[in-house]
Amino acid sequence: MFVREIETFNRHRFDASDMKLDDVEHITVLGAGNMGHGIAEVAALAGYDVRMRDIKEEFVQDGYEQIEWSLGKLAEKDRISQEEADEALERVTPLVDLESAVEDADVVIEAVPEKMEIKRDVYEELEEYAPEHTVFTSNTSSLSITDLSEVTERPERFCGMHFFNPPVRMDLVEVISGGHTDDETLDLIEELAESMDKTPVRVRKDSPGFIVNRVLVPLMNEAAWIVEMGDATVAEVDSTTKFDIGLPMGAFELADQVGIDVGYHVLEYMHDQLGDAYEPCPVLVEKVEAEELGKKTGKGFYDYEDGGADVPTGEGDDDVRLRLLAVMANEVAGLVENDVADPAAIDRAVKLGAGFPDGPAKMADDAGIETLVETLEELYDRSGAARYEPEDCLVDLAESGGTFHGEDGDVSEDEGDAFDFETLSVEISDRVGHVQLSRPHRMNTISSELLEELSTAIDELETHEGVRAILLTGEGDRAFSAGADVQSMAAGGADPLAGVELSRKGQQTFGKLEECDMPVLAGIDGYCLGGGMELATCADLRIATERSELGQPEHNLGLLPGWGGTQRLRHIVGEGRAKEIIFTAERYDAETMEEYGFLNEVVDNEEFEDRAFELASDLASGPPIAQRYTKRAMLYGREDTDAGLEIEAQAFGHLMATDDLMEGITAFMGDSEPEFEGK
Ligand SMILES: C/C=C/C(=O)SCCNC(=O)CCNC(=O)[C@H](O)C(C)(C)COP(=O)(O)OP(=O)(O)OC[C@H]1O[C@@H](n2cnc3c(N)ncnc32)[C@H](O)[C@@H]1OP(=O)(O)O
């Protein structure tokens with residue numbers, strides 16, 4: 001028996017390190033509810049053969065119809081073609097029989113109800129039928145991955161794969177390591193999430209609430225405690241959360257949206273696992289007992305049969321703001337201290353998973369760690385409640401005058417290279433993060449490594465306290481970039497799937513520039529071709545030297561502009577010109593590209609460097625909040641004017657309460673230059 005167990009263990013280990021993303025063809029999703037059918041749809045859209053299983057025929061049929069409806073909607077909005085929608089649907093097989101559902105599975109994603117007993121039964125049965133090589137994942141949002149993995153005989157090939165609702169729209173997937181998970185499994189599942197067009201964030205340790213819920217749920221609890229303790233009303237708390245902190249919803253509005261019971265159950269679990277700091281506020285208990293669970297029951301903190309959440313502007317309270325930020329900062333500190341994730345990963349996860357404009361670590365840095373620790377200490381003295389006891393690492397940060405994004409944040413303005421990359425150089429000067437493509441010997445062509453590093457550089461600059469604008473240039477005076485490195489692309493062989501992945505990777509990486517909160521300037525000197533032009537297209541402004549030549553020559557190679565060019569270029573130059581540029585595959589001079597509206601300015605060759613830095617510094621001195629929301633409104637308004645107008649209106653209102661507005665008006669009246677701080 002002992003020998004057999006060791007053999008099985010060894011075989012599992014071999015299989016785990018052996019399975020690569022290319023080997024994954026069949027995915028089984030267990031559960032056809034909201035999350036299950038959403039995940040099945042995402043997997044089918046990514047080209048996987050999907051079996052979706054639930055315990056009753058009516059459940060799977062219902063899930064299948066939801067997928068059909070959702071794919072139809074995507075096609076209707078031209079996000080995918082009708083043919084792609086039909087093909088994706090064909091890849092989904094709804095099933096009740098577990099054996100047939102998992103017999104070919106390479107990866108299982110379990111999304112059954114959040115009850116340990118139910119999941120345990122499912123995994124025990126699953127272990128009977130699933131092939132040896134299958135990797136098991138759970139979409140649980142609250143249960144322990146380690147505990148779940150121990151129900152199976154393959155705990156090393158078991159991890160969390162936590163999608164957000166609705167999976168088809170939400171970008172984030174938390175990939176959670178259980179106590180036994182091996183690195184190969186985590187790598188594979190992260191790659192799988194990326195292949196589904198999602199952004200994985202690794203949760204290095206199995207910890208209650210993982211990252212996003214660990215920040216959100218205590219935030220909702222604290223909102224409730226503020227009301228319970230008589231320190232503010234629901235309206236005041238939500239006004240503060242939405243209009244002073246700038247979160248997408250008020251804390252109570254969010255609780256109603258998610259379901260008060262859902263938040264409460266996660267909180268109960270945290271209370272059980274992590275102790276008294278997570279004691280649920282009685283207000284939440286009362287709501288759950290009264291079955292006033294939020295939107296889904298018609299009543300929660302707001303009455304949805306009587307107009308729903310109507311969060312007032314201008315009722316914010318600074319003590320409430322500091323208190324909510326302090327509690328969030330303490331959660332971030334707990335996650336960092338326990339090595340669950342670093343501040344950059346936490347910020348990325350919360351921005352993607354909860355739609356926060358900034359991550360909680362960045363918001364804490366901005367508010368001042370020392371102030372937040374003082375806030376916690378005052379509350380702790382007053383109430384003695386464990387939730388206000390500051391984490392050691394937060395106190396240490398406050399005492400040392402540091403910040404969560406400290407190392408980068410501490411780089412003084414003109415200190416030069418702040419980051420270590422092979423294919424890029426990144427420097428920070430005068431609040432401008434200057435990214436230079438640094439492969440001059442190959443015309444700054446874009447290799448997979450450069451794409452990878454660019455993606456990291458954008459993430460790092462975006463969360464860097466000292467950076468307010470990004471400038472992109474190419475090293476040397478021959479090329480901004482001559483596009484994708486066709487040589488290394490050809491070296492990858494003629495693998496269509498790898499091609500799809502490469503295209504997606506470029507689309508996503510360049511897309512980060514469109515989505516990032518600060519203005520981006522592309523400074524073009526020399527050739528700006530193919531993927532290089534697609535990169536420049538994602539900047540907000542473009543300037544080029546007189547000698548520059550620009551174009552999309554992909555058709556000459558029998559390719560198409562696969563890093564966003566078929567979609568994004570038309571937003572800058574209009575569809576007619578975009579088609580002309582792509583179909584002729586010509587190289588255009590800078591003057592013509594200025595006429596076409598692609599370039600904002602053409603500059604003398606000798607003056608290029610000075611002008612690029614001058615313009616980038618100008619952008620960096622602009623009002624950050626207004627810049628951020630202008631970008632968002634314009635980006636989301638591209639396909640949906642009403643959505644863009646709504647963002648515009650909300651942002652306009654939000655700006656009314658900012659220091660930046662006061663600063664702008666005061667400077668205007670006093671005829672001086674404003675010093676915007678983004679507050
Ligand atoms: C999804 C995205 C797809 C794409 O982006 S596909 C690629 C689109 N880009 C192109 O098609 C541009 C191809 N390159 C050219 O047409 C020419 O080059 C230039 C006009 C940019 C420059 O021509 P010249 O001044 O005569 O120089 P040179 O000797 O052709 O190039 C210098 C070195 O640079 C390498 N190089 C240039 N472009 C690329 C590229 N895109 N991928 C890989 N290498 C490239 C060359 O091979 C050569 O290298 P060595 O001296 O070692 O032979």
Side-chain angles (χ1 to χ4, degrees), residues 194-195 197 422-424 435-455 458 472-514 522-539 542 544-573 578-593 598-599 605 608:
E194 277 172 359
S195 77
D197 234 355
E422 291 291 317
T423 62
L424 304 173
V435 180
Q436 189 167 54
L437 311 187
S438 201
R439 301 179 79 221
H441 55 294
R442 297 217 71 79
M443 297 265 179
N444 298 321
T445 47
I446 301 169
S447 59
S448 300
E449 187 188 6
L450 189 146
L451 267 187
E452 204 62 59
E453 291 194 339
L454 182 59
S455 176
I458 299 167
L472 283 170
T473 61
E475 192 177 334
D477 59 4
R478 293 201 66 199
F480 170 78
S481 168
D485 184 337
V486 284
Q487 214 161 316
S488 69
M489 212 156 72
D495 179 355
L497 282 182
V500 172
E501 288 321 308
L502 179 64
S503 173
R504 285 214 174 109
K505 179 77 190 166
Q507 292 168 350
Q508 285 168 0
T509 302
F510 298 173
K512 285 185 178 185
L513 294 169
E514 285 184 317
I524 299 161
D525 185 18
Y527 292 112
C528 176
L529 302 172
M533 181 155 160
E534 293 173 285
L535 171 60
T537 304
C538 287
R542 287 157 290 275
T545 54
E546 290 164 335
R547 64 182 158 217
S548 297
E549 289 189 44
L550 302 92
Q552 299 284 174
E554 286 90 341
H555 278 196
N556 287 338
L557 300 170
L559 276 172
L560 58 70
W563 282 340
T566 67
Q567 302 305 306
R568 291 170 175 147
L569 183 55
R570 70 186 151 98
H571 294 296
I572 316 289
V573 297
K579 282 191 172 162
E580 179 201 321
I581 293 165
I582 294 170
F583 281 89
T584 62
E586 290 280 353
R587 294 210 299 264
Y588 292 79
D589 61 33
E591 204 185 318
T592 309
M593 281 307 228
F598 186 75
L599 295 174
N605 298 337
F608 168 70

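Just so you know, ligand 1 is whichever comes first in the structure, and atom 1 is the first atom listed for that ligand.
- Within the listing of ligand 1, atoms 1 (C), 2 (C) sit less than 4.0 angstrom from a heavy atom of E534.
- Between the side chains of E449 and T423, no donor N or O sits under 3.5 Å from an acceptor N or O.
- A distance-only check finds a donor-acceptor pair linking the side chain of Q552 to the backbone of G530 [under 3.5 Å].
- Ligand 1 has an N or O atom lying under 3.5 Å from an N or O atom of G531, backbone or side chain.
- Between the E554 side chain and the G562 main chain, no donor and acceptor come within less than 3.5 Å of each other.
- Judged by the 6.0 Å distance and 45° axis criteria, R587 is not positioned over the aromatic ring of Y527.
- Shown in contact with L557 at under 4.0 Å from a heavy atom are these atoms of ligand 1, numbered in order with element: 6 (S), 7 (C), 11 (O).
- Of the listed residues (P553, P561, A585, G483), the one carrying the non-hydrogen atom nearest atom 10 (C) of ligand 1 is P553.
- Distance check, rounded to the nearest 0.5 Å: CG of L502 to CD of Q507 gives 10.0 Å.
- Here N556 has no heavy atoms under 4.0 Å from ligand 1, in either its backbone or its side chain.
- Atoms CG and CD, from L529 and E549 in turn, are 7.5 Å apart once rounded to the nearest 0.5 Å.
- If you number the atoms of ligand 1 from 1 as listed, the ones under 4.0 Å from a heavy atom of M443 come out as 22 (C), 25 (O), 27 (O), 31 (O), 32 (C), 34 (O), 37 (C).
- Where the criterion is an N or O separation shorter than 3.5 Å, residue side chain and backbone included, A484 meets it with respect to ligand 1.
- One distance of note links CZ of F480 with CG of L535; it measures 4.5 Å at 0.5 Å rounding.
- Taking only non-hydrogen atoms, the option from R442, R478, R587 nearest to atom 24 (P) of ligand 1 is R478.
- Contact annotation: for V486 versus ligand 1, heavy atoms closer than 4.0 Å belong to both the backbone and the side chain.
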